[in-house]
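Below, chain A is the first sequence line, B the second, and so on; all start at residue 1.
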Protein chains: 2
Amino acid sequence: MTDAAPAAEAALRTPRERARARTIEDIVRIGREHLALHGAAALSLRAVARDLGVVSSAVYRYVESREELLTLLLVDAYNELGDAVDAAVGARPENDFTGRFEALGAAVRNWALAQPASYALLFGSPVPGYQAPAERTTGPGTRVVVALVAILDGAWRAGNLSEAGPHAADVDVTALLAADLANIRGEMGLAVPDPVLASGVLVWTSLFGAISFEVFGQYGPDAFVARDELFAHHLGVLARLAGLRT
Amino acid sequence: MTDAAPAAEAALRTPRERARARTIEDIVRIGREHLALHGAAALSLRAVARDLGVVSSAVYRYVESREELLTLLLVDAYNELGDAVDAAVGARPENDFTGRFEALGAAVRNWALAQPASYALLFGSPVPGYQAPAERTTGPGTRVVVALVAILDGAWRAGNLSEAGPHAADVDVTALLAADLANIRGEMGLAVPDPVLASGVLVWTSLFGAISFEVFGQYGPDAFVARDELFAHHLGVLARLAGLRT
DNA sequence: ATCTAGTCAAGAGCAGTGCTCACAATTGTT
DNA sequence: AACAATTGTGAGCACTGCTCTTGACTAGAT
């Protein structure tokens with residue numbers, strides 16, 4: 001642990017480094033397959049080693065522990081989700097804030113339904129005994145919420161956002177909460193006022209709440225055949241809750 | 001598996017049955033402790049057996065498998081949450097619908113923060129390889145949402161509910177979605193119109209989304225010191241979203 | 001009181017897991 | 001070709017869920 005960071009960013013010149021990087025990529029790829037097939041808690045380094053065609057102890061040359069592999073998969077999934085969201089949002093005109101918001105929500109939902117195990121790793125209950133190292137996950141882990149507040153802040157600056165949405169207008173923002181919101185506004189360089197920001201947080205959590213219920217099967221197997229329509233309705237309400245004009 | 005159900009409902013007269021029931025209670029109690037301490041995925045029948053002062057294979061006399069114990073704990077947790085919600089809601093006057101709604105939300109959040117592992121078992125990512133048997137969990141599992149729609153339906157019948165809340169009024173409810181809502185209205189004997197019901201589903205999922213983010217640490221360790229205030233704000237907005245007058 | 005039948009705990013055992021370590025094989029570099 | 005760093009091997013430890021046989025016990029019927 002002298003200074004491996006510059007080496008990691010270097011061009012991987014030596015064959016050893018190239019081979020090592022390729023092996024780690026293989027391990028992550030096989031881990032992703034196992035994650036998708038059997039879920040995060042069933043992820044086994046021994047099984048990954050078998051698929052890699054190597055004895056179990058060999059993978060510890062490349063991955064420190066099972067947790068380390070989980071962290072790699074976590075960052076991988078966060079970036080995949082972030083890419084999907086950025087692509088979907090970027091496909092809409094820059095001034096179509098409502099369209100961008102709906103694209104964001106739909107992108108998260110589609111990715112979650114396509115990769116339920118990865119989604120569970122990111123937004124489900126934390127896997128036991130595993131604490132995601134903040135310094136490696138906060139960056140990719142906040143891409144979605146950063147994109148969301150970027151949309152809301154852009155709409156606010158463009159004058160396309162109601163003061164607080166029709167309902168949040170008369171809900172108090174206490175002094176303590178206002179202090180938190182001021183911190184966030186400062187750190188992210190936002191212009192939106194408190195009621196919009198507070199409602200935005202609720203919209204953020206509500207979006208993932210609706211998606212989690214669907215992905216995790218909380219609706220039950222029978223209720224809500226028309227889940228696309230249900231989610232579209234929720235997105236419409238949430239857009240209004242955020243203050244977006246339609 | 002001839003007909004054990006009537007025997008289970010009988011008075012447990014014989015000493016054998018009494019001792020057996022007591023042992024199962026002990027197992028569930030120890031399981032709850034382990035669940036709270038180490039989480040659902042780390043729940044080990046062997047560890048439970050050790051705490052029970054018995055060899056590991058002995059617990060299989062009382063509990064068919066690890067899944068069986070998880071199901072017992074699941075039902076236990078659902079009922080505990082349902083009891084907490086019912087008590088909190090029942091403490092408010094019957095016609096104070098907004099108060100009842102806020103009491104429901106606060107009760108769920110308080111229980112979740114006090115029992116994060118149990119909450120994760122109920123509303124987090126499903127534990128791998130474990131499928132909750134619907135016939136034993138749907139009853140207690142729906143108590144919270146039943147209590148929620150009871151509040152909204154009562155408010156509607158009492159004329160204390162806006163047609164759809166200020167924002168949901170102009171969000172379409174498509175024909176497909178209306179069919180689902182009609183089913184739900186029929187099964188639960190509700191009177192609320194489609195926009196209220198659709199918004200109610202969103203309020204339901206949003207409530208758990210906000211609580212899950214807080215319990216599962218999605219907010220991050222630093223953001224939102226004033227989490228009580230944040231949740232109170234969200235509850236206020238959600239009440240208005242549901243159409244409750246304040 | 002004895003016999004019988006049901007119940008229960010014990011312990012061995014199987015297959016799997018994460019992880020460590022000493023040793024051997026390989027491979028890039030000198 | 002020789003050296004040294006790296007990588008793969010296999011044994012081993014402690015743990016898990018779960019099964020099965022064996023022996024002890026107990027409750028009710030004779």
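Salt-bridge check for A/Arg29 with A/Glu25: failed, with every basic side-chain N at 4.0 Å or more from each acidic carboxylate O.
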| Protein-to-nucleotide contact annotation, 5' to 3' order, nucleotides 14-21 of chain C [B base; S sugar-phosphate only; - none; under 4.0 Å, heavy atom] | ---BBBBB
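A donor-acceptor pair under 3.5 Å is absent between the side-chain atoms of B/Asp76 and the main chain of B/Leu72, judged by distance alone.
Under the side chain to side chain donor-acceptor pair (under 3.5 Å) criterion, the residue pairs touching residues 41-63 of chain B are B/His34-B/Asp51, with sequence neighbours excluded. For residues 217-231 of chain B, every residue pair satisfying the side chain to side chain donor-acceptor pair (under 3.5 Å) rule, not counting sequence neighbours, is listed here: B/Arg109-B/Asp228.
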Please set out all donor-acceptor pairs under 3.5 angstrom arising from side-chain atoms of residues 111-118 of chain A, sequence neighbours excluded.
{"unit_1": "A/Trp111", "atom_1": "NE1", "unit_2": "A/Glu80", "atom_2": "OE1", "d": "2.9"}

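Regarding B/Arg20, its CZ atom lies at a distance of 9 Å from the C1' atom of C/dC8, rounded to whole Å. In this structure, B/Leu52 places its CG atom 11 Å from C1' of C/dA9, rounding to the nearest Å. Remark: P of C/dC8 and CG of B/Asp26 are 14 Å apart, rounded to the nearest angstrom.
The footprint of chain B on DNA chain D, defined by a heavy-atom cutoff below 4.0 Å, extends from D/dT16 to D/dT26.
Contact annotation: the side chain of A/Val89 never approaches that of A/Phe101 to less than 4.5 Å [non-hydrogen atoms, C-beta and beyond].
With sequence neighbours excluded, the residues that form a ring pair (Phe, Tyr, Trp, His ring centres under 6.0 Å) with B/Tyr119 are B/Phe123, B/Phe216.
A perpendicular orientation is assigned to the rings of A/Trp204 and B/Phe213, their planes being inclined by more than 60° (bins at 30° and 60°).
Base contact: B/Val55 has a heavy atom under 4.0 Å from a base atom.
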